[in-house]
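Numbering of residues begins at 1 and proceeds along the displayed sequence. Ligands are counted one by one from 1 in listed order, and the atoms in each one are counted from 1 as well.
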Amino acid sequence: MKMLKSFGRRSFLKMASLATATTATSAFASNSVLRGATKDEIRNPYPGSKLIKTICTHCSVGCGVIAEVQNNVWVRQEVAHDHPISHGGHCCKGADMIDKVRGTNRLKYPTAKVNGKWTRLDWDKAMSQISDQLIGIREKYGADAVQFLGSAKCSNEQAYYIRKFAAMFGTNNIDHQARI
Ligand code: SF4
């Protein structure tokens with residue numbers, strides 16, 4: 001309150017004019033950088049792009065997606081109306097498939113926490129570490145201490161191999177990820 005009282009009408013008007021001037025200056029600065037899109041840009045925002053038919057990678061339904069690609073960058077997506085399974089439909093996962101692909105937090109290579117810090121591993125090293133740990137767990141606690149989970153994205157053949165791998169490891173603990 002004390003501060004408000006000492007803040008006179010004159011100072012308030014001065015500050016208000018200053019704020020208006022600053023806003024006007026920033027708007028002018030923005031206008032010199034931003035401009036409205038031209039009619040051509042609205043009609044065709046990605047010149048030279050190609051439409052590529054692909055499928056959603058989230059689950060084995062494999063709904064159709066049309067990917068618009070410009071200079072090897074995926075810029076827009078649409079549903080594939082002529083797809084024989086999805087007939088132009090998507091679930092919410094497929095609808096933002098493009099954002100998964102462009103996401104900056106995607107896991108693109110094996111990573112392990114070393115001294116509290118995420119560190120990149122090469123594939124051979126990652127495979128050796130995982131195999132050593134699996135064998136170590138089996139020796140110490142038995143094969144049933146491990147569970148294998150399949151994936152909604154596996155083909156029949158991949159599911160068959162995962163099942164065989166679990167049997168080779170010595171356990172019946174195998175399930176499908178969509179059921180948990
Ligand atoms: S859009 Fe949904 S249902 Fe279709 S493949 Fe992707 S995740 Fe599966």
ring-ring contact (aromatic ring centres under 6.0 Å, His included) with Phe165: which residues, sequence neighbours excluded? Phe148
What is the total of protein N/O/S atoms that are closer to atom 6 (Fe) of ligand 1 than 2.8 Å? 1
Working to the nearest 0.5 angstrom, can you tell me the gap between Thr38 OG1 and Arg43 CZ? 8.5 Å
Enumerate donor-acceptor pairs with a distance under 3.5 Å from any side-chain N or O in residues 122-144 to protein atoms, sequence neighbours excluded.
unit_1 : atom_1 : unit_2 : atom_2 : d
Asp122 : OD1    : Asp124 : N      : 3.1
Asp122 : OD1    : Lys125 : N      : 2.8
Ser128 : OG     : Asp124 : O      : 2.9
Ser131 : OG     : Met127 : O      : 2.6
Arg138 : NH1    : Phe169 : O      : 2.9
Asp144 : OD1    : Thr171 : OG1    : 2.7

Apply the hydrophobic cluster definition, ILVMFWY joined by side-chain contacts under 4.5 Å directly or through others, and give me every member besides Met97. Val65, Trp74, Ile98, Val101
Take a 6.0 Å sphere around OH of Tyr160 and say whether it holds more than 12 heavy atoms from other residues, nucleotides or ligands. no
With rounding to the nearest 0.5 angstrom, report the CD to NZ distance, Glu78 to Lys53. 13.5 Å
